[in-house]
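Numbering starts at 1 and runs along the sequence shown.
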Amino acid sequence: MSPLPVSPPHDPYDPSRTAPAGRESEYRRLHHALDRCAAGAGSVIVLHGSVGSGRSDLLYAFTDTAAERGVRVLVGTGSPLEREFPLGLARQLLQGADLAPEEAATAEALLAEGAASGTVPAPSDRPAGRLTQRVLEGLFRLVRGLAERAPVLIAVDDRQDADPQSLEFLLYLVRRTRGTGVLTVLSSRETMTPAHPLFEVELARQPHHQHIRLDLLSTELVAEVLRTRLGAAAAERHAAQAHTLTGGNPLLVHSLVGDQERAGSPGTLVVGEGYRRGLMHCLHRIDPLALHYARGVAVLGTGATPELLAELLLLAPDALPRALYLLHAAGLFHDGGFRHPTAAGDLLAAMRPLELAALHQRAGRLLRAAGATAATVDGHARVAEGHLRSSLGPAPAAETGDPGAVLPEFERGGGPWEVPGPGVAEDVVEDEAEEEAEEAEEAAGATGGFGPVPAHALQLWSGPAPTGPAVECVPTLPGTVTDADTALRHELKRLRHHFWHGRIDEGTAALARFEAVPGQAVHTEALRHWLAYWYPALLPNPARRTGPHDGATADRGDGMRLLAALLAGTVSPEDAVVHAELVLRAGRLGGVRTESLTAALTVLLYTDRADRATHWCAPLAERAGARCGAHWNALLAALRAEAALRQGDLRSADEAGRAAFAHVRPEAWGVAVGLPLATMAAARTALGLHQDAAHFLELATPAGLEHTPAGLHHRYALAGHRLALGRAEQALADYRACGDTMARWGIDHLPAIAPWRLGAARAQLALGRPGSAAALADQQLARLGPVGHPRIRGLALRIRAAAGGPAERTELLERAVGLLEEAGAESELAAALGELSEAHQHDGDPGRARRADRRVRRTPALAVVPVRPQAPAPVSLLPVSPLPASPLPVAGRPLPVAAPAPEGAAGGLSEAEGRVAELAARGLSNRDIARKLYITVSTVEQHLTRVYRKLGVRRRVDLARLLGPVPSGAADGTPPRPAFPRRADLVAG
């Protein structure tokens, strides 16, 4: 085996002559790799360092000397502005390769083919955006052909900003160049998390991979830079102080030296414009989280605790140490703060006034709560007031004569990060209800769009301008925000306002006029995705234009687009769940708009994962709390209510639904009001409070509600209410109308939105048509596919078991129990376990029946006992007490609560007492009643005591005589054989 070639003993390229100051060691390693390349041994080197570490200077100095040695140099630079251009970096490399005409033509054809594959949907057997083998192999052969004529150096600067297709090509190339004369040098900046982690991992696996980290310059190396440019005396005098000011960051060192050269070398070290510009350059190119952290320190000072900083910045506390590390690793921070006292002011001066006002206002509130002095708190309030006034202009203060008159308008939104939307000072609102409705519409999220958009500090807008208020903590250059931007946002807001209030014709006409203006259609992309949810049949869903959806790319951080893709059927429910949780996980760090978060929660509900929606509602609500406005809290309450309803937690659903309306009045919800109204009605129906449920269903709603998913939920709740009242034919017609609507909208592939087939099957059971019910359940099961939708699948199996014969009943219920347990549907699970217990008893297996009973007792939620077809109201196992009146006004009157029936009548019994009385009248013993209702014997005795007192009876025989005829087989007082649950028992299941 021949030894590897080594660097020649007499290197004609003296690093001290050509290497950047302080980088001689790294420069020698690069030239050693170049010598190996010239000998036919390729390698790949990663230059890694913090912002300002001199990576680019070292890379380009090396490429210059390599070109002098006759090496063919291919150079490319990554850029955030070109990250979306497929093979953009590869094109840069090959354009500088000096190819022969036929090679250039081949390269152009391959690049064009590869770019097309990166922008159009990929075949089903290949991930979207991936290059074909033909393109990869063709580009590699071009590079190999160059290496056969002369050594090749591929130098890529800012690799972290390269497009994914070019990185794929580089990996393909690196794997095949170990035995060729190709040296690849990739320069990348240190960030919180790698932009392409798989690229990093695959690169590190290569045996010819080297990693060169560029550390900060030591005091001696800083002195060497000063000595080279300013002379020995200046180096000796200023080296220590210069290192303290710069931390050894090469960019800051050279910027500071430039200040000394311009100042003429006075006796003291001058910190001038060069240093300040260099520092701002580093801060605005560092990772966004680190920049955000630096702004927090600039506002609160170095004495701020991590907890206070995390609260101010709306960040998870565990994100702060990494951000602080990046600032120290770049030499920008020392001991947790800026190295120069002017840095904080310079950094804050680059922020927008409204953004800065919000930051200071929030800091004042947090410091007041933390016990800071009144002077400190007032200082932040004055700064916030000044920035706000400078942004909105003097008009409001001049009109009112109060210099702080703007602040109440600024604080009117619920969240401390909220700022007035464009033109708030000029908007004229006719009355308070209309103003509140506009706020709700403006902040419209996916399942109600009824929360204000909290402008989080990590918000990086891309694409069309957002329609809601937002704070952008990114540097803004003078002149980039124009009157045209403000006018555009106003117009988009007005467009959405039409649809929000159900004025479909007006909105459609206004949208057509807006898009008719050349160049304006591009700004309505976000609006069209919003409309794809709220009005599914109005306009074509934008997600359907792109074909098969890749949730890992376009919609990974955009819940609204992900929801549109789910409705269009271009993303599978399983993938949608994964990417929705990615959006929600990012939302906990504060970097996601409210609209995206609400859409992601809706995705979880519509993919039948109410358990995951409940899981995410809690931390989001805890994080928002009092910081966010009424609409945001109302939104979370409405989502939590719907998720709890789907899990069978009726009490929580009712409480959360009431909280949603306590935050925001019904008239301010727009067409979204149908969703919380439907949830409240369904919860009250299941609890047996039919008068309350009817009240919610009869409340006035906006025109156009029937064209929205909220209207679909409302119609589905109405069907359930009618079925519970014994109006099975009407309920069946309503369920079928829901099915027709879903089919017309093209969303029937998502049964969790409104499982109308299951509702219709329950209605058929109530009408005594088990065959029709079984057919509907089978249809639903067939449409679900092999995986997913565990709750819907479990409910369908329960119906199928009730409608089928005894032979298959037990097996179907066992499968239903497993699925409902997986879905976290506790109430439905308890009901299925009760039915399974009775099935085992019917099969003559008391042991398995007892085990099912024990599982029911361990189930957190209790099932609601289903309704008989002929009964006017259901009987619930839940110990229901009359719920308090709803705050919803109807013509100035609160929601009426049903008055209790007089004692001595059966109607005076509570629902739990009525159920116990019914079973006792049938001849069941106290122990049998307790087992059947999953309560204790003591509870049965207490219920019977109250039943006897209210009805004026003393014995079970008297109960049977008063409540109706005793069922067959129980006339002798012995408990009848437990029968399998009747088909109609699933009517309200």
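What you find for Gly720 and Thr685 is that their closest heavy atoms are O-CG2, 3.9 Å. Nearest heavy atoms, Ala643 versus Thr614: CB-OG1, 3.3 Å. The shortest heavy-atom contact between Met742 and Ala754 is SD-O, 3.4 Å. Residues Leu566 and Ala576 come closest through the heavy atom pair CD1-CB, 3.9 Å.
Residues passing the side-chain hydrogen bond (donor to acceptor under 3.5 Å, both in side chains) test with His714: none are found, sequence neighbours excluded. Every residue meeting the salt bridge (charged side-chain N to carboxylate O under 4.0 Å, His left out) condition with Asp611, not counting sequence neighbours, appears here in chain and number order: Arg609. Partners of Arg793 by side-chain hydrogen bond (donor to acceptor under 3.5 Å, both in side chains), not counting sequence neighbours: none found. Remark: Glu814 pairs with Arg848 by the side-chain hydrogen bond (donor to acceptor under 3.5 Å, both in side chains) rule, at least two apart or across chains. Here Asp608 pairs with Arg791 under the salt bridge (charged side-chain N to carboxylate O under 4.0 Å, His left out) rule; sequence neighbours left out. The side chain to side chain contact (heavy atoms under 4.5 Å, CB included) search around Ala580 returns Leu562, Ala600, Val603, Leu604, not counting sequence neighbours. With sequence neighbours left out, the salt bridge (charged side-chain N to carboxylate O under 4.0 Å, His left out) criterion links Arg815 to no other residue. In this view, Arg646 and Glu642 satisfy the side-chain hydrogen bond (donor to acceptor under 3.5 Å, both in side chains) rule, not counting sequence neighbours. Legend: residues meeting side chain to side chain contact (heavy atoms under 4.5 Å, CB included) with Ala775, ordered by chain and number and at least two apart, are absent. With sequence neighbours left out, Arg927 forms a salt bridge (charged side-chain N to carboxylate O under 4.0 Å, His left out) with no residue at all.
The aromatic rings of Trp669 and Phe661 are tilted relative to each other, their planes meeting at an angle between 30° and 60°.
The shortest distance between side-chain heavy atoms of Pro755 and Tyr716 falls below 4.5 Å. Annotation: side chain of Arg736 is in contact with side chain of Leu732 (closest heavy-atom distance under 4.5 Å).
Each salt bridge (Lys or Arg N to Asp or Glu O under 4.0 Å) pair with one or both residues in residues 936-947, not counting sequence neighbours, appears once here: Glu913-Arg946. Counting only residues at least two apart or on different chains, the side chain to side chain donor-acceptor pair (under 3.5 Å) pairs with a member in residues 771-781 are Asp778-Arg800.
Distance check, rounded to the nearest 0.5 Å: CG of Leu919 to NE2 of His943 gives 11.5 Å.
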